[in-house]
Amino acid sequence: MTMEQQRTGDWVLSDAFDRAAPTYDAMVALSPGYHAQLRTAAELLVERLPRPEAGDRPVSVLDLGCGSGASTRALLDAWAGHVGTLGLLTVRGVDASRGMVVQARAKPWPAGVELLVADAVEHLESLPDASVDGVLAAYLLRNVPDPERLVREVARVLRPGGAVAIHDYSVAGNTRARVTWAAICHGVIIPLAAIKRSDVPLHRYLYTSVRDFDSVGRICERLLGAGVVDLHHKSYAGWQRDLVHTVVGSRPS
């Protein structure tokens, strides 16, 4: 959900997230299924990660666009449910919004969790080739100026057999989803932001960023073009059917 360079005129996205950070958790808590969907996306990623044994190096995961830590928590819960030993996992959360990272750091975390204020692509470019086992990018890809660059860097830093999960809204190519998204944003999300005294321009941006974002097919094309294979797509039930999606894939072993 980041990128310091993402601008609309003089409006900087990371600054908007800074302003919204104190009320962000309360806002997303009103979204039906938000945390359950993040947990599912994390589980789909964890299912593809290696299973270390005592004495092995920990499995390393990047949580890009970690925000206030909901996706980081989802990763830990998914790992605990599938593997059970948190000491065999390290998670580095990265977000360009200092305010969001401050909110995340205020929460209790086990050893092995690191939370950084950094631009996602710049952080990826600082890492060696084949240096991480997994990447979760939740609600991030539509917010970056150059999605192709981000996906390419994710594929580069993955170890052979490593996995990536892209989790986001997408309504392109689906008339029902586009109409539903417009109705929800203009009828609920933006008015609620005003009532809650959250950052209304940020929630207006949420509407347009989803409206103009890639289709699921285009996300898959980007991943395949970067060398990520064995793709799997999941959508979700309820009113968010065909709106919220998770795409997972792996780097060839």
Original post:
Parallel, tilted or perpendicular for Y139 and Y34, by the 30°/60° rule?
Top reply: parallel
Side chain [X], main chain [Y], donor-acceptor under 3.5 Å:
X    : Y    : result
R178 : R211 : yes
K234 : V248 : no
R251 : L158 : yes
R156 : L127 : yes
W181 : L243 : no
S31  : V28  : no
S235 : V244 : yes
R159 : S131 : yes
D18  : G99  : yes

**OP:** Applying salt bridge (charged side-chain N to carboxylate O under 4.0 Å, His left out), run through D133 and R57 and close with a yes or a no.
**Re:** CA-CA 11 Å; D133 296 296; R57 64 164 179 80; 2.8 Å; yes
For the [atom1] atom of [X] and the [atom2] atom of [Y], what is their distance to the nearest 0.5 Å?
X    : Y    : atom1 : atom2 : value
W239 : I184 : CH2   : CD1   : 4.5 Å
L88  : S60  : CG    : OG    : 12.5 Å
I166 : L136 : CD1   : CG    : 8.0 Å
I219 : R222 : CD1   : CZ    : 8.5 Å
R204 : C185 : CZ    : SG    : 12.0 Å
D168 : R142 : CG    : CZ    : 4.5 Å

Subject >> Minimum side-chain heavy-atom gap V171-F213 below 4.5 Å >> reply: no
Original post:
Under a 4.5 Å cut-off applied to non-hydrogen side-chain atoms, are L13 and L202 in contact?
Top reply: yes
Verify the distance criterion only: is there a donor paired with an acceptor across the side chains of [X] and [Y] at less than 3.5 Å?
X    : Y    : answer
Y169 : S209 : no
S14  : R98  : no
T72  : D63  : yes

Original post:
Can the ring centroids of H233 and H245 be said to lie less than 6.0 angstrom from one another?
Top reply: yes
Original post:
Would R73 count as a cation-pi partner of W109, with NZ or CZ less than 6.0 Å from the six-membered ring centre and within 45° of the ring normal?
Top reply: yes
**OP:** May I ask you to say whether E122 pairs ionically with R149, meaning some side-chain N is under 4.0 Å from a carboxylate O?
**Re:** no
Subject >> For M100 against D95, the heavy-atom pair lying closest together >> reply: CB-OD1, 4.4 Å
Original post:
How far apart are the closest heavy atoms of S68 and D25, and which atoms are they?
Top reply: OG-OD1, 2.6 Å
**OP:** Check step by step if salt bridge (charged side-chain N to carboxylate O under 4.0 Å, His left out) holds for E43 and R48.
**Re:** CA-CA 9 Å; E43 287 174 343; R48 296 189 178 218; over 6 Å; no
**OP:** Show your working on salt bridge (charged side-chain N to carboxylate O under 4.0 Å, His left out) between D242 and R176 and close with a plain yes or no.
**Re:** CA-CA 8 Å; D242 298 328; R176 188 200 68 81; 3.7 Å; yes
